[in-house]
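All remarks here apply to the structure that follows.
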There are 2 protein chains.
Amino acid sequence: MKRNTWQREAVREALDASEGFVSAQTLHDRLKHTGSQIGLATVYRALADLASGGDADSLQQDGESLYRACTPGSHHHHLICRNCGLTVEIEADAVEQWAHSVAAEHGFTEAHHVVDVFGLCAACTAKAAAGELRD
Amino acid sequence: MKRNTWQREAVREALDASEGFVSAQTLHDRLKHTGSQIGLATVYRALADLASGGDADSLQQDGESLYRACTPGSHHHHLICRNCGLTVEIEADAVEQWAHSVAAEHGFTEAHHVVDVFGLCAACTAKAAAGELRD
DNA sequence: CGCCTACTGATAGTCATTCTCAAACTCAGC
DNA sequence: GCTGAGTTTGAGAATGACTATCAGTAGGCG
Ligand SMILES: [Zn+2]
Ligand SMILES: [Zn+2]
Ligand SMILES: [Zn+2]
Ligand SMILES: [Zn+2]
């Protein structure tokens, strides 16, 4: 049976308080800096649980997993600013249907899909134009 | 200046001979088993070169990078069997346009996107139905 | 042929993530 | 409020993919 511990709750809250996607390590650092004594392994476990339970979304970037508290129970994708991490949830039935139909056309079953859009948000675009980004 | 070595050529050929996406480690094993004395680091370097030069596509799964020789110069996405690795290249202008427009709607610029569909190919679906998969 | 320099590869190092297991904790049952 | 069985935790070790090192090798141009 799944038990409720202050550690799990702390991870959930820290994730809720985060603007965009964060790594397990970053979240652990953040928790430590706020005085928590939570262990790194526990953060990894809690995030994996949240993701598998549908309470958080995850994506992989540069070989590391990033997590974000997302609207529970709804399937959606993300538009992410690669500079500041600002994230917008996006829904697109057209893409869902396209994914399923292209899989079906080729005889594939149990189709899952990974769809993410990365760019520069309006604010970061302005900064880039002003030459304030080194990217 | 970029030099031509038998190692780079061997990696390119091994990649061409592969059906679907393969990891650097797998490709290295395959080369070794065919008698090549190529080093692992060289395989990583050659694959990175091929990918940055547009002669190969890459994607990340379970924290490891997979590579595949793909139609050069054409932007496309993939439909991948998660059991046997069979890969189909797919093009979808609708998705390209959707990605750009959704980014523009939210004020994002320089939008890139990651779009991949994973499933079970017809053959593996049949095997799964016969209970031959442990997945 | 001979030099310059890029390339190679065995190995050590890095780093995110997972494993281990004894100790701490949760909670149903009393 | 206690108890005890079973779950969770966490510090450190282990894993595994990938990168850095650097002496030795070998393209390629003259
Ligand atoms: Zn931004
Ligand atoms: Zn979707
Ligand atoms: Zn298959
Ligand atoms: Zn595309």
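As the structure is a computational prediction, the values presented were derived from the model and not from experiment.
- With sequence neighbours left out, the side chain to side chain contact (heavy atoms under 4.5 Å, CB included) criterion links A:Ser65 to A:Gln60, A:Tyr67.
- The salt bridge (Lys or Arg N to Asp or Glu O under 4.0 Å) search around A:Glu110 returns B:Arg82, not counting sequence neighbours.
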Tabulated below should be each protein N or O lying under 3.5 Å from an N or O of nucleotides 12-19 of chain D; please produce it.
| from | atom 1 | to | atom 2 | distance (Å) |
| --- | --- | --- | --- | --- |
| D:dC18 | OP1 | B:Ser65 | N | 2.6 |
| D:dC18 | OP2 | B:Tyr44 | OH | 3.0 |

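- Both A:Val114 and B:Leu66 are part of a single hydrophobic cluster, where members link through side-chain heavy atoms under 4.5 Å apart.
- Rounded to an integer number of Å, the gap from CD of A:Gln61 to C1' of C:dC15 is 17 Å.
- Within the 4.0 angstrom heavy-atom criterion, base atoms lie near B:Arg45.
- Remark: B:His78 NE2 to B:Phe21 CZ distance equals 4.0 Å, nearest 0.5 Å.
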What protein N or O atoms touch nucleotides 26-30 of chain D N or O atoms at under 3.5 angstrom, if any, and at what distances?
| from | atom 1 | to | atom 2 | distance (Å) |
| --- | --- | --- | --- | --- |
| D:dG27 | N2 | B:Arg3 | NH2 | 2.9 |
| D:dG28 | OP1 | B:Asn4 | N | 3.3 |

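- Between its two ends, the helix from C:dC1-D:dG30 to C:dC30-D:dG1 turns its axis by 40°, counting five pairs per end and rounding to 10 degrees.
- Of the possible polar contacts, none joining the A:Ser36 side chain to the A:Lys32 backbone as a donor-acceptor pair under 3.5 Å is found.
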Side-chain donor-acceptor contacts of residues 84-92 of chain B below 3.5 Å, not counting sequence neighbours, with atom names and distances?
| from | atom 1 | to | atom 2 | distance (Å) |
| --- | --- | --- | --- | --- |
| B:Thr87 | OG1 | B:Gly85 | O | 2.9 |
| B:Glu89 | OE1 | B:Thr71 | OG1 | 2.7 |
| B:Glu89 | OE2 | B:Arg68 | NH1 | 3.1 |
| B:Glu89 | OE2 | B:Thr71 | N | 3.2 |
| B:Glu89 | OE2 | B:Thr71 | OG1 | 3.4 |

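- Every residue was checked against the ring pair (Phe, Tyr, Trp, His ring centres under 6.0 Å) condition with B:His33, not counting sequence neighbours, and none meets it.
- Looking at residues two or more places apart in sequence or on another chain, you find a side chain to side chain contact (heavy atoms under 4.5 Å, CB included) between A:Ala24 and A:Val43, A:Tyr44, A:Leu47.
- The ring pair (Phe, Tyr, Trp, His ring centres under 6.0 Å) check on B:His28 picks up nothing, with sequence neighbours excluded.
- We find that CG of A:Leu47 is positioned 15 Å from P of C:dA16, with the value rounded to whole Å.
- Shown here are the side chain to side chain contact (heavy atoms under 4.5 Å, CB included) partners of A:Ala69, two or more places apart in sequence or in another chain: A:Leu15, A:Asp16.
- Put simply, CG on A:Asp62 is 11 Å from P on C:dA16, counting in whole angstrom units.
- Within residues 26-39 of chain A, the residues approaching DNA chain D are A:Gln37, A:Ile38, A:Gly39, by heavy-atom distance under 4.0 Å.
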Name each donor-acceptor pair under 3.5 Å that joins a side chain in residues 96-107 of chain A to protein atoms two or more places apart or in another chain, with its distance.
| from | atom 1 | to | atom 2 | distance (Å) |
| --- | --- | --- | --- | --- |
| A:Glu96 | OE1 | A:His75 | NE2 | 2.9 |
| A:Glu96 | OE1 | A:His113 | NE2 | 2.9 |
| A:Glu96 | OE2 | A:His75 | NE2 | 3.2 |
| A:Glu96 | OE2 | A:His77 | NE2 | 3.0 |
| A:His100 | ND1 | A:Glu96 | O | 3.3 |
| A:Ser101 | OG | A:Gln97 | O | 3.1 |
| A:Ser101 | OG | A:Trp98 | O | 3.0 |

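- In this structure, CD1 on B:Ile80 lies 12.5 Å from CG on B:Leu120, to the nearest 0.5 angstrom.
- Rounded to the nearest 0.5 Å, atoms SG (B:Cys70) and CG (B:Leu50) are 11.5 Å apart.
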